[in-house]
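Structure first, commentary second.
Here is how names work: the chains are called A, B, and so on, in the same order as the sequence lines, proteins then strands, and each is numbered from 1.
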There are 2 protein chains.
Amino acid sequence: MSVILKAKPATAAEIAAQLTEAIHEHRLQPGAKLREDEVCDIFQVSRTIVRQALHSLEHKGLVTILRNKGAFVAKPSLKEAREVFETRSLIEPAMARAAALRATPHDIAFLEAHMKAEQDAIDREEVGPALKLSGDFHVQIARIADHHLIETLLKQLVARSALVIALYWRRRNALCDSSSHSSLVNALRDGDADNAEEIMKGHLLDLLMQLDLRDSPTGPVSLRDALKK
Amino acid sequence: MSVILKAKPATAAEIAAQLTEAIHEHRLQPGAKLREDEVCDIFQVSRTIVRQALHSLEHKGLVTILRNKGAFVAKPSLKEAREVFETRSLIEPAMARAAALRATPHDIAFLEAHMKAEQDAIDREEVGPALKLSGDFHVQIARIADHHLIETLLKQLVARSALVIALYWRRRNALCDSSSHSSLVNALRDGDADNAEEIMKGHLLDLLMQLDLRDSPTGPVSLRDALKK
DNA sequence: CTGCGTCAGATCGTATACAATATCCGCTCA
DNA sequence: TGAGCGGATATTGTATACGATCTGACGCAG
């Protein structure tokens with residue numbers, strides 16, 4: 001893990017942000033242990049601060065803290081994974097609609113630049129950064145819709161989606177189809193709210209389809225775990 | 001504040017729960033300051049624990065922490081207030097639908113008992129407890145829908161709704177019309193998903209209508225505050 | 001050789017001490 | 001009289017020390 005993070009900052013919020021980014025970009029895998037002392041060493045801060053950051057991430061659903069055991073990058077179950085995408089399906093189409101009614105030329109330009117960066121990352125096969133940019137795109141829609149509460153909520157859901165993808169993505173090498181992002185931006189530019197809403201709904205469904213969320217046991221379960229009451 | 005809380009527990013989670021309940025029942029008003037030492041005295045724990053609880057409540061949007069200033073019960077702006085109810089309107093109808101498809105006789109009985117308790121509280125004019133029970137009703141729908149993520153999310157939104165009500169409720173003495181709760185339970189009993197969804201949608205709209213969320217300055221602002229740059 | 005108990009090290013949880021910052025009050029001076 | 005300025009006090013922020021719990025290894029008995 002030492003090599004995985006950039007190190008430098010000092011506040012709990014910054015540490016949480018860097019850990020979030022690492023999770024989002026799959027540099028930290030679900031289930032990875034986050035030892036307090038280790039994080040202290042990396043960021044050169046006291047445990048007080050690190051614990052603040054870890055608790056913050058726990059509230060956001062990115063980290064699971066087991067008493068007297070430690071903090072681990074969360075490992076969403078199949079049910080939790082489904083719930084994340086179900087919740088997104090409930091709120092994001094409405095955000096796309098609202099964004100279509102509010103988007104300024106400046107917003108559109110920003111989204112286009114964003115998509116270009118995403119495409120560049122894909123071309124360079126930088127899977128992690130591409131994934132993060134793809135997620136951020138969705139958050140930006142909420143920002144354009146000027147809905148702060150959902151923007152905050154969506155940040156969490158998108159980050160958790162990254163965990164779900166790490167666990168349940170079917171084709172490891174195929175990345176999220178970015179064409180729906182592009183057509184969404186077109187709908188936003190035209191102020192076509194109905195279309196934007198539909199595209200977003202379909203896009204989330206597409207994402208869901210690329211996941212393997214069938215009712216199988218959570219991947220390879222060790223005998224030990226299977227028998228643990 | 002000393003009289004307002006029951007005191008006794010020891011863990012951060014329990015303290016957060018009691019503070020949440022106090023906020024939910026309007027025993028703690030928006031803007032109320034929560035001094036760490038005071039909370040320590042009340043619950044007889046160290047500041048470490050109290051700070052954990054306060055940070056937890058901050059993540060849930062119930063408390064605002066200003067650096068070097070302290071923790072205050074949150075005071076949602078008009079925009080935030082609208083956003084809370086908009087978000088609820090996006091997710092709760094879907095929960096009502098799902099609950100209609102899953103509710104067992106046991107669930108129905110539980111909801112009926114819940115409504116009875118709510119009615120009793122209203123009859124006794126215990127406004128706070130009635131408000132809390134009314135909010136819990138909505139959380140129970142999500143529980144019956146077996147959607148843990150949204151249940152958790154809704155707990156936060158419902159608690160924040162209590163803050164919104166404290167700030168923007170029009171008729172102080174009139175309580176939420178509980179007849180829609182009753183008709184919702186009927187729809188759930190019949191397994192009528194479409195109807196349940198519609199009732200919930202209408203119910204949330206009703207709630208919104210009882211609020212004064214017009215674009216006026218945030219209630220009575222003191223001259224001092226109004227002039228402070 | 002296997003199972004179990006015990007002990008040492010590692011790790012987390014909590015309390016407390018100290019530092020940083022804000023707030024309040026009284027003072028001075030225009 | 002009132003605005004501006006310390007300084008004492010109150011309050012929060014951070015680091016650290018200590019205690020509790022878990023983990024893994026070792027050794028002994030069966």
Side-chain angles (χ1 to χ4, degrees), chain A residues 1-2 4-5 7-19 28-29 31-60 62-75 222-225 227-229, chain B residues 1-2 4-5 7-19 28-29 31-60 62-75 222-225 227-229:
Chain A
M1 177 175 141
S2 0
I4 294 175
L5 294 165
K8 204 65 177 186
T11 77
E14 285 165 341
I15 294 174
Q18 288 220 13
L19 288 172
L28 278 172
Q29 293 292 315
K33 173 149 197 184
L34 304 168
R35 275 194 311 114
E36 295 179 357
D37 286 344
E38 195 176 354
V39 182
C40 288
D41 287 346
I42 294 173
F43 293 111
Q44 292 296 310
V45 293
S46 77
R47 277 180 59 217
T48 308
I49 307 296
V50 169
R51 285 174 66 80
Q52 279 181 31
L54 292 177
H55 277 105
S56 158
L57 292 176
E58 189 196 23
H59 283 293
K60 292 175 183 160
L62 293 183
V63 156
T64 304
I65 294 179
L66 277 58
R67 188 181 171 88
N68 285 319
K69 290 277 180 78
F72 303 82
V73 177
K75 223 171 158 173
S222 73
L223 181 59
R224 172 184 302 275
D225 288 336
L227 297 180
K228 199 176 282 172
K229 211 197 17 3
Chain B
M1 176 175 142
S2 0
I4 293 176
L5 294 165
K8 203 67 178 186
T11 77
E14 285 165 342
I15 293 175
Q18 288 219 14
L19 288 171
L28 277 172
Q29 293 292 314
K33 172 149 196 185
L34 304 168
R35 274 195 309 114
E36 295 178 357
D37 285 345
E38 196 176 353
V39 182
C40 289
D41 287 346
I42 294 172
F43 293 111
Q44 293 295 311
V45 293
S46 76
R47 278 181 58 217
T48 307
I49 308 296
V50 168
R51 285 174 68 81
Q52 279 181 31
L54 292 176
H55 276 105
S56 158
L57 292 175
E58 188 196 24
H59 283 293
K60 292 176 183 159
L62 292 183
V63 156
T64 305
I65 294 179
L66 278 58
R67 187 181 173 88
N68 286 319
K69 291 276 179 80
F72 303 81
V73 177
K75 221 169 158 174
S222 74
L223 182 59
R224 172 183 301 275
D225 288 338
L227 297 180
K228 198 176 283 174
K229 214 207 4 6

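- Of all nucleotides listed (C/dT11, D/dT11, D/dT23), D/dT23 comes nearest to the side chain of A/Lys69.
- Contact annotation: B/Arg51 side-chain N/O to D/dG13 OP1/OP2 distance is under 4.0 Å.
- Set against D/dT16, D/dG13, C/dA15, the side chain of A/Ser46 has D/dT16 as its closest nucleotide.
- Using a 4.0 Å heavy-atom cutoff across all strands shown, B/Arg67 reaches sugar-phosphate atoms only and no base atom.
- Separation of atoms CD (B/Glu58) and CG (B/Leu66) is listed at 9.0 Å; rounding is to 0.5 Å.
- The listed nucleotides are C/dA22, C/dC12, D/dT14; the one nearest the side chain of B/Asn68 is C/dA22.
- Rounded to an integer number of Å, the gap from CG of A/Leu66 to P of D/dT21 is 16 Å.
- If you take CZ of B/Arg47 and P of D/dG13, they are 8 Å apart, rounded to a whole angstrom.
- Put simply, the side chain of A/Lys60 never gets that close to the backbone of B/His59: no donor and acceptor are under 3.5 Å apart.
- Taking atom CD of residue B/Gln44 and atom P of nucleotide C/dT14, one finds them 17 Å apart after rounding to whole Å.
- One can place NE2 of B/His55 at 17 Å from P of C/dG13, the figure rounded to the nearest angstrom.
- Not one N or O on the side chain of B/Lys75 forms a donor-acceptor pair closer than 3.5 Å with the backbone of B/Thr64.
- A close approach under 4.0 Å does not occur between any side-chain nitrogen or oxygen of A/Gln52 and OP1 or OP2 of D/dG13.
- In this structure, the CG atom of B/Asp41 is 14 Å from the P atom of C/dA15, given to the nearest Å.
- Under the 3.5 Å distance criterion, the side-chain polar atoms of B/Gln18 are left unmatched by any main-chain donor or acceptor of B/Ile15.
- Note: A/Thr48 OG1 to A/Glu36 CD = 9.5 Å, rounded to the nearest 0.5 Å.
- When distances run from any side-chain atom of B/Arg35 to the nucleotides C/dT14, D/dT11, C/dT11, the shortest one goes to D/dT11.
- Whole-Å rounding puts the A/Glu36 CD to D/dT14 C1' distance at 15 Å.
- In this structure, B/Ile65 atom CD1 and D/dT12 atom P are separated by 10 Å, rounded to whole Å.
- Comparing B/Asp37 and A/Ile49 against DNA chain D, the residue whose closest nucleotide sits nearer the 5' end is B/Asp37.
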